[in-house]
Student: 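My structure is below; once you've seen it, I'll send some questions.
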Number of protein chains: 2
Amino acid sequence: MDRLLENLKITVHGQLYVKDPESSDLGRRIVQQSITLIHDLGFENFTFKKLGALIGSNESSVYRYFENKHKLLLYLTNWYWGWMEYRLVFATAALQDPTYRLEQALSIVTQVVKEDSNFSHINEVILSQIVISEYSKSYLTKEVDTENKEGYFYIYKQLVVRLREMISAVNPKYPHAASLASTVLEGALHQHFLKDHFKSITDCGDKVTPTQFFTQLVFATLKA
Amino acid sequence: MDRLLENLKITVHGQLYVKDPESSDLGRRIVQQSITLIHDLGFENFTFKKLGALIGSNESSVYRYFENKHKLLLYLTNWYWGWMEYRLVFATAALQDPTYRLEQALSIVTQVVKEDSNFSHINEVILSQIVISEYSKSYLTKEVDTENKEGYFYIYKQLVVRLREMISAVNPKYPHAASLASTVLEGALHQHFLKDHFKSITDCGDKVTPTQFFTQLVFATLKA
DNA sequence: TATTATCGATAGTATTACTATTAATTTTGG
DNA sequence: CCAAAATTAATAGTAATACTATCGATAATA
C-alpha cells in the first residue's frame with residue numbers, strides 16, 4: 001500500500017482554494033500546519049492570524065491560498081474523503097464476494113486512521129481527528145445548498161454512493177441502502193467522538209470498536 | 001396530551017443562564033425570538049445585537065440573561081431534549097410489551113415535530129429544525145469535557161439511556177444497546193438533514209420516513 | 001415613600017475577518 | 001545572465017463581533 005500511495009495525489013475541487021496549496025512550499029506548509037492548529041485549538045478558535053504566526057509567515061499570505069477558514073476546512077475534509085475513497089476502492093476492487101467486500105469496506109470506513117501513510121505532508125492521523133470533531137460544521141451552515149450545487153460535497157456523497165452499492169450488492173431487495181450507508185459513515189464519526197467524550201452513551205471503547213458495532217448492525221439489517 | 005402539557009415546565013440547568021428567562025416577559029421574548037432568529041440566520045450569523053434589535057430591545061439586555069450565544073444554544077437544546085424526554089416517558093410509561101414500547105419510543109424520537117403544542121412561548125416545530133442543524137455544534141467544541149462535567153449534556157445522555165434500556169428490554173443479550181441508542185438519536189437528526197439538503201444519499205423523503213428506516217434497522221439488529 | 005430590581009441607551013475594548021498597498025525577494029523566460 | 005513577472009512578508013486599515021461597564025429612567029416591592 002505505502003508504495004502505491006507514493007504516486008498518489010488527491011485532487012480537491014478547484015474553487016476551494018484561491019491558489020493551489022500543492023503548488024508551493026508555503027502552500028503545503030499552510031495545509032500541514034493548519035491541521036495541527038485546528039486540532040489544537042478547535043475550529044472556532046482557529047484563525048488565519050494564528051496560523052500565519054505558526055508557520056512563521058503572515059496572515060495575508062494565508063489569504064492568498066484560502067478565501068477563509070471555512071473553505072480551508074472544506075479543502076481539508078475533501079482531501080480526507082478523497083483519500084478515504086481511494087483506500088476503499090483500492091482495498092475492495094479485487095474482491096469478488098459481495099459479503100466479504102462489504103465487510104472490508106465497512107472496516108475501512110468506520111476505522112480511524114492510526115498510522116500516517118507518509119506519502120504527503122498531510123498527517124492523516126490528526127486529520128481524521130479533525131474530521132470527527134469538525135466535519136459536520138462544514139455542511140451545517142446556511143450556505144449548504146449553494147455550496148452543494150458548486151460540488152463541494154461531491155466526494156463525500158460519492159463515497160456514500162459506493163458504500164450504498166456494496167450494500168445493495170449483498171441484498172438487492174433492501175430498500176434503504178442509501179440511508180444505511182450515510183448512517184454508517186456519519187455514525188462512525190459520532191461513535192468515535194462519543195468514546196472520547198461521552199463514554200456513558202456508547203459501547204465503543206477498548207473492547208468494542210465502531211467497526212464491530214456497525215458490521216453487526218449492517219449485516220443484521222440486511223438479513224432481515 | 002395538550003391538557004397535561006399546560007402544567008408542564010421544562011427545567012433547564014441553572015448554569016446555562018445568567019438570569020432565568022422564564023422569570024420575566026423580556027426573558028421569554030428573548031428565548032422565543034432567538035429561536036426564530038437562529039432558524040432564519042443560522043447559528044454562525046446570529047448575534048445578540050441582531051436579537052436585541054428584533055425584540056425591540058438592547059444587546060446588553062440579552063447579556064443579562066445569557067452569557068453568550070453558545071450558552072443560549074445549550075439552553076434551547078436542553079429544553080428541547082427535556083421536552084422530548086417528557087414526551088417519551090409519557091407515551092411509553094403505560095406500555096407493558098417491550099417490543100411495542102420500543103416501537104413507540106423510536107417513533108417519538110425519530111420524528112420531527114410538526115405541530116406546536118402551544119403550551120409555552122417556545123415554538124417546538126422551529127426548535128426541532130434548529131436542533132437538526134445546530135445541535136452538534138453545541139458539543140463539537142474544545143470545551144466539551146468541562147461542560148459535560150458541569151452537566152450541560154445530562155438531559156440528552158439521559159434520553160439515550162432511556163432508549164438504551166428499552167432496547168435492552170427487547171433483547172437483553174444484545175451487546176451494543178448504548179451505541180445503538182445513540183446512533184438512532186443522532187442518526188435521525190442526520191437523516192432529516194439529508195432529506196432537506198443531500199437527497200441523493202438518503203432514502204428518506206416523501207415515501208420513507210426516518211422512523212421507518214430506524215425501526216426496521218433496530219428490530220433487525222436486535223433479532224440477529 | 002424609600003429601596004431595589006430591571007431595563008434601555010451609550011460608550012468603549014479586544015479580537016476577528018478580512019482588503020489594500022508596498023517593498024523586498026524569488027522565480028523564470030528570453 | 002539580466003529584466004520582467006510573480007511571490008511573499010509586513011504594515012495599515014475597516015467593519016463587525018463579542019463582549020464589559022456605566023448610567024439614568026422606570027417599574028415593582030417592602
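Lettering of chains follows the sequences in order, A, B, ..., and the numbering in each one begins at 1.
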Student: A:Y86 vs A:F90 aromatic rings, parallel, tilted or perpendicular, using cut-offs 30° and 60°?
Tutor: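 Aromatic pair A:Y86/A:F90 classed parallel.
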Student: Once you build an axis from the first five pairs and another from the last five of the helix from C:dT1-D:dA30 to C:dG30-D:dC1, how far apart in angle are they, to 10 degrees?
Tutor: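 The end axes of the helix from C:dT1-D:dA30 to C:dG30-D:dC1 are about 20° apart, to the nearest 10°.
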Student: Mind calculating the distance between OH (A:Y17) and C1' (D:dT7) to the nearest angstrom?
Tutor: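 One finds 18 Å between C1' of D:dT7 and OH of A:Y17, rounded.
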Student: For residues 185-209 of chain A, which residue pairs qualify under ring-ring contact (aromatic ring centres under 6.0 Å, His included), counting only residues two or more places apart or in two chains?
Tutor: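 For residues 185-209 of chain A, and leaving out neighbouring residues, the ring-ring contact (aromatic ring centres under 6.0 Å, His included) pairs sorted by first residue read A:F193-A:H197, A:F193-B:Y139, A:F198-B:F153.
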Student: Specify the separation, in whole Å, of atom CG of A:L51 and atom C1' of C:dA17.
Tutor: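 Rounded to whole Å, this separation is 14 Å.
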Student: Between the main-chain N or O of B:V125 and the side-chain N or O of B:D116, is there a donor-acceptor pair closer than 3.5 Å?
Tutor: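 Absent.
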Student: Sugar-phosphate atoms are those with a prime plus P, OP1 and OP2; base atoms are the rest. Using that split, label each nucleotide of nucleotides 15-21 of chain D B, S or - for protein heavy atoms under 4.0 Å, 5' to 3'.
Tutor: --SBBBB
Student: Does B:K137 pair with B:E44 as a salt bridge, N-O distance under 4.0 Å?
Tutor: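 Answer for the salt bridge query: yes.
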Student: Measure from CZ on A:R64 to C1' on C:dA20 and round the result to the nearest Å.
Tutor: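 A:R64 atom CZ is separated from C:dA20 atom C1' by 11 Å.
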Student: Specify the separation, in whole Å, of atom CG of A:L41 and atom P of C:dT16.
Tutor: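 My rounded result for the distance is 10 Å.
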Student: Base, sugar-phosphate, or nothing for A:Y65, non-hydrogen atoms under 4.0 angstrom?
Tutor: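 Here A:Y65 touches the backbone only, sparing every base.
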Student: Just the rounded figure in Å: distance from P of C:dT6 to CG of B:D20.
Tutor: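 Atom-to-atom, B:D20 to C:dT6, this comes out as 12 Å.
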Student: A:Q33 side chain to A:I30 main-chain N or O, any donor-acceptor pair under 3.5 Å?
Tutor: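 Between the backbone of A:I30 and the side chain of A:Q33 there is no qualifying donor-acceptor contact (under 3.5 Å).
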Student: According to a strict under-4.0 Å criterion, is A:S61 in side-chain N/O contact with OP1 or OP2 of D:dA9?
Tutor: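 A:S61 to D:dA9 OP1/OP2: side-chain N or O found under 4.0 Å.
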Student: What closest approach, in Å, do B:T183 and A:F213 show between heavy atoms, and which atom pair accounts for it?
Tutor: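 Shortest heavy-atom contact: OG1-CE2, 3.3 Å.
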Student: For A:F66 and C:dC18, what is the distance between atoms CZ and C1' respectively, to the nearest whole Å?
Tutor: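 The distance from CZ of A:F66 to C1' of C:dC18 comes to 17 Å, rounded to the nearest Å.
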Student: Whether B:K71 engages the ring of B:Y17 as a cation-pi pair (distance to the six-membered ring centre under 6.0 angstrom, angle to the ring normal within 45°) should be assessed.
Tutor: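 Not satisfied by the 6.0 Å and 45° rule.
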Student: Give me the ring orientation class for B:Y156 and B:Y135: parallel if the planes are under 30° apart, tilted from 30 to 60°, perpendicular past 60°.
Tutor: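 The rings of B:Y156 and B:Y135 sit tilted, inter-plane angle from 30° to 60°.
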Student: Please determine if a side-chain N or O atom of A:K19 lies less than 4.0 Å away from the OP1 or OP2 oxygen of D:dT7.
Tutor: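 So the side chain of A:K19 is within the cut-off, an N or O lying under 4.0 Å from OP1 or OP2 of D:dT7.
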Student: Find out whether the Lys NZ or Arg CZ of B:K69 is both under 6.0 angstrom from the six-membered ring centre of B:F48 and within 45° of the ring's axis.
Tutor: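 Here B:K69 fails the 6.0 Å and 45° test against B:F48.
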